[in-house]
Undergrad: 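I have a structure I would like to understand better, so I am pasting it below and will then ask my questions one at a time.
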Amino acid sequence: MEGKEEDVKLGANKYSERQPIGTSAQTDKDYKEPPPAPWFEPGELSSWSFYRAGIAEFIATFLFLYITVLTVMGVVKSPTKCGTVGIQGIAWAFGGMIFALVYCTAGISGGHINPAVTFGLLLARKLSLTRALFYMVMQCLGAICGAGVVKGFEGKTQYNLLGGGANVVAHGYTKGSGLGAEIVGTFVLVYTVFSATDAKRSARDSHVPILAPLPIGFAVFLVHLATIPITGTGINPARSLGAAIIFNKDHAWDDHWIFWVGPFIGAALAAMYHTIVIRAIPFKSRS
């Protein structure tokens with residue numbers, strides 16, 4: 001017992017004050033605010049790493065569409081949903097692929113795989129406009145190619161019969177409901193991206209190891225569970241565009257604007273919330 005009491009006293013002397021948590025644990029020694037990226041950076045155009053990052057975004061989005069659209073069509077094809085992976089399986093396919101692809105490409109391009117994510121990070125000044133536009137173009141091209149390969153495997157007749165994995169607002173829901181679902185769903189995703197990749201969080205919570213792609217993929221999984229019955233879940237304009245172009249039916253284009261406007265609004269709101277409320281960066285710059 002005496003030894004135990006000595007250990008308690010030693011601990012009390014060593015940690016005489018309560019250890020701060022949350023924002024109070026932040027000190028100037030463990031974190032330095034990174035400078036905002038320039039809007040235009042022409043020097044990037046002569047760098048191989050710039051083009052390598054774009055290629056990584058193309059391949060990642062290609063693989064993303066290939067796996068996810070095949071999963072969606074497999075569920076639609078089966079006469080009984082009990083014989084397929086169902087909605088949960090579709091959600092896991094989307095979330096799992098984002099987890100794997102972000103893990104593979106984060107060190108090369110940042111692992112965006114989504115124009116809405118790129119747009120949100122652009123607004124937060126995490127990358128230049130030059131790079132953001134290049135990423136978006138490569139993501140859309142990758143999505144088109146991924147959906148095209150699926151159509152080649154399935155055959156034109158069966159591909160069209162199964163809907164091509166295209167995003168549409170489901171019967172019984174209004175365009176406003178679809179738009180709202182896309183806004184909130186993308187907000188969840190982009191807010192998670194900001195939080196998972198925040199350097200300040202990494203410095204403050206360095207004792208809590210977090211693999212950034214994991215919460216991002218899990219956010220995609222959860223959003224799909226919630227919104228597949230409403231819009232088939234877009235939250236990624238490249239994914240919606242690739243499937244719509246290859247499917248190319250009128251009803252796939254009728255509501256297509258929702259899958260661009262919604263994600264971009266959701267991404268902008270997430271960027272504003274993280275930058276202004278969570279990080280209070282505009283207020284710091286004034287002081």
Undergrad: How long is the gap from CZ on F99 to CZ on F218, to the nearest 0.5 Å?
TA: 12.0 Å
Undergrad: I'd like to check the side-chain contact (heavy atoms from CB on, under 4.5 Å) partners of S195; sequence neighbours left out, ordered by chain and number.
TA: Y191
Undergrad: Test your reading of the model: is there a side-chain donor-acceptor pair from Y135 to the backbone of T130, 3.5 Å cut-off?
TA: no
Undergrad: Just how far is it from atom CG of L162 to atom NZ of K77, taken to the nearest 0.5 Å?
TA: 7.0 Å
Undergrad: Using side-chain heavy atoms (C-beta onward) and a distance below 4.5 Å, is T61 in contact with L65?
TA: yes
Undergrad: Could you see if V277 belongs to whatever hydrophobic cluster contains L269? Use Ile, Leu, Val, Met, Phe, Trp, Tyr and a side-chain cutoff under 4.5 Å.
TA: yes
Undergrad: Between L141 and I108, is there shared hydrophobic-cluster membership here, with clusters defined by ILVMFWY side-chain heavy atoms closer than 4.5 Å?
TA: no
Undergrad: Using 0.5 Å steps for rounding, measure from the CD1 atom of I235 to the CD1 atom of I98.
TA: 8.0 Å
Undergrad: Before giving the answer on side chain to side chain contact (heavy atoms under 4.5 Å, CB included), spell out for L127 and H112 the whole-Å C-alpha distance, their side-chain angles and the decisive distance to 0.1 Å.
TA: CA-CA 11 Å; L127 74 166; H112 298 189; 3.8 Å; yes
Undergrad: Work out which heavy atom in A267 is nearest to a heavy atom in T186; give both atom names and the distance.
TA: N-CG2, 4.0 Å
Undergrad: Kindly state whether the ring of F221 and the ring of F94 have centres lying under 6.0 angstrom apart.
TA: no
Undergrad: Is the distance between the ring centroids of F153 and Y159 under 6.0 Å?
TA: no
Undergrad: Parallel, tilted or perpendicular: which fits the ring planes of F50 and F134, with parallel below 30° and perpendicular above 60°?
TA: parallel
Undergrad: Do L189 and N114 have side chains that get closer than 4.5 Å, going by heavy atoms?
TA: yes
Undergrad: Starting from the C-alpha separation in whole Å, work towards a yes-or-no answer on salt bridge (charged side-chain N to carboxylate O under 4.0 Å, His left out) for E44 and R131.
TA: CA-CA 8 Å; E44 288 184 318; R131 185 175 291 265; 3.0 Å; yes
Undergrad: Could you tell me which non-hydrogen atom of A238 sits nearest to which non-hydrogen atom of A143, and how far apart they are?
TA: O-CB, 3.0 Å
Undergrad: Using the rule given for side chain to side chain contact (heavy atoms under 4.5 Å, CB included), can you reason through F187 versus Y273, listing the C-alpha separation, both sets of side-chain angles and the distance that settles it, and then say yes or no?
TA: CA-CA 10 Å; F187 180 92; Y273 178 67; 4.0 Å; yes
Undergrad: Can N167 and T231 be counted as having a side-chain donor-acceptor contact under 3.5 angstrom?
TA: no
Undergrad: For the residue pair F58 and F62, does the interplanar ring angle fall in the parallel (under 30°), tilted (30 to 60°) or perpendicular (over 60°) class?
TA: parallel
Undergrad: Check S128 against A37 and note the closest heavy-atom contact, atom names and distance.
TA: N-CB, 4.0 Å
Undergrad: Considering only heavy atoms from C-beta outward, does the side chain of L121 approach that of F194 to under 4.5 Å?
TA: yes
Undergrad: Measuring from atom CD1 of I183 to atom CZ of F264, what distance do you get when rounded to the nearest 0.5 angstrom?
TA: 13.0 Å
Undergrad: How close do T71 and A93 get, heavy atom to heavy atom, and via which atoms?
TA: OG1-CB, 3.7 Å
Undergrad: Please report the interatomic distance CG(L133) to OG1(T118), rounded to the nearest 0.5 Å.
TA: 10.0 Å
Undergrad: Can you list the steps and then say if V188 with L222 is a side chain to side chain contact (heavy atoms under 4.5 Å, CB included)?
TA: CA-CA 9 Å; V188 172; L222 293 174; over 6 Å; no
Undergrad: In the structure I gave you, are the side-chain heavy atoms of I113 and Q139 within less than 4.5 Å of one another anywhere?
TA: no
Undergrad: So, for G120 and A271, which heavy atoms are closest and what is the spacing to 0.1 Å?
TA: O-CB, 3.5 Å
Undergrad: Indicate, with yes or no, if L161 and V75 share a hydrophobic cluster defined by side-chain heavy-atom contacts under 4.5 Å among Ile, Leu, Val, Met, Phe, Trp and Tyr.
TA: no
Undergrad: Any donor-acceptor pair under 3.5 Å linking the side chain of N160 with the backbone of K156?
TA: yes
Undergrad: Consider only side-chain N and O atoms of T233 and H224, and report whether a donor and an acceptor are under 3.5 Å apart.
TA: no
Undergrad: May I ask you to check whether T174 and S177 show a side-chain donor-acceptor distance below 3.5 Å?
TA: yes
Undergrad: Is there a side-chain contact between I228 and I90, using heavy atoms and a 4.5 Å cut-off?
TA: yes
Undergrad: Test: ring-ring contact (aromatic ring centres under 6.0 Å, His included). Region: residues 160-182. Which pairs qualify, not counting sequence neighbours?
TA: none
Undergrad: Please tell me if the side chains of R239 and F259 come closer than 4.5 Å, counting only heavy atoms from C-beta onward.
TA: no
Undergrad: Kindly work out whether a path of hydrophobic side-chain contacts (I/L/V/M/F/W/Y, heavy atoms less than 4.5 Å apart) joins V223 to V72.
TA: yes
Undergrad: Keeping the roles fixed (side chain from E182, backbone from G234), state whether a donor-acceptor pair exists under 3.5 Å.
TA: yes
Undergrad: Considering only heavy atoms from C-beta outward, does the side chain of V85 approach that of W92 to under 4.5 Å?
TA: no
Undergrad: Name all residues meeting the salt bridge (charged side-chain N to carboxylate O under 4.0 Å, His left out) criterion together with K175; count only those two or more places apart in sequence or in a different chain, and write none if there are none.
TA: D255
Undergrad: Side chains of D198 and H274: does their closest heavy-atom pair fall under 4.5 Å?
TA: yes
Undergrad: Distance from I216 atom CD1 to L101 atom CG, nearest 0.5 Å?
TA: 12.0 Å
Undergrad: Considering all heavy atoms of both residues, which atom of A252 and which atom of A166 are nearest to each other, and what is their separation?
TA: CB-CB, 4.1 Å
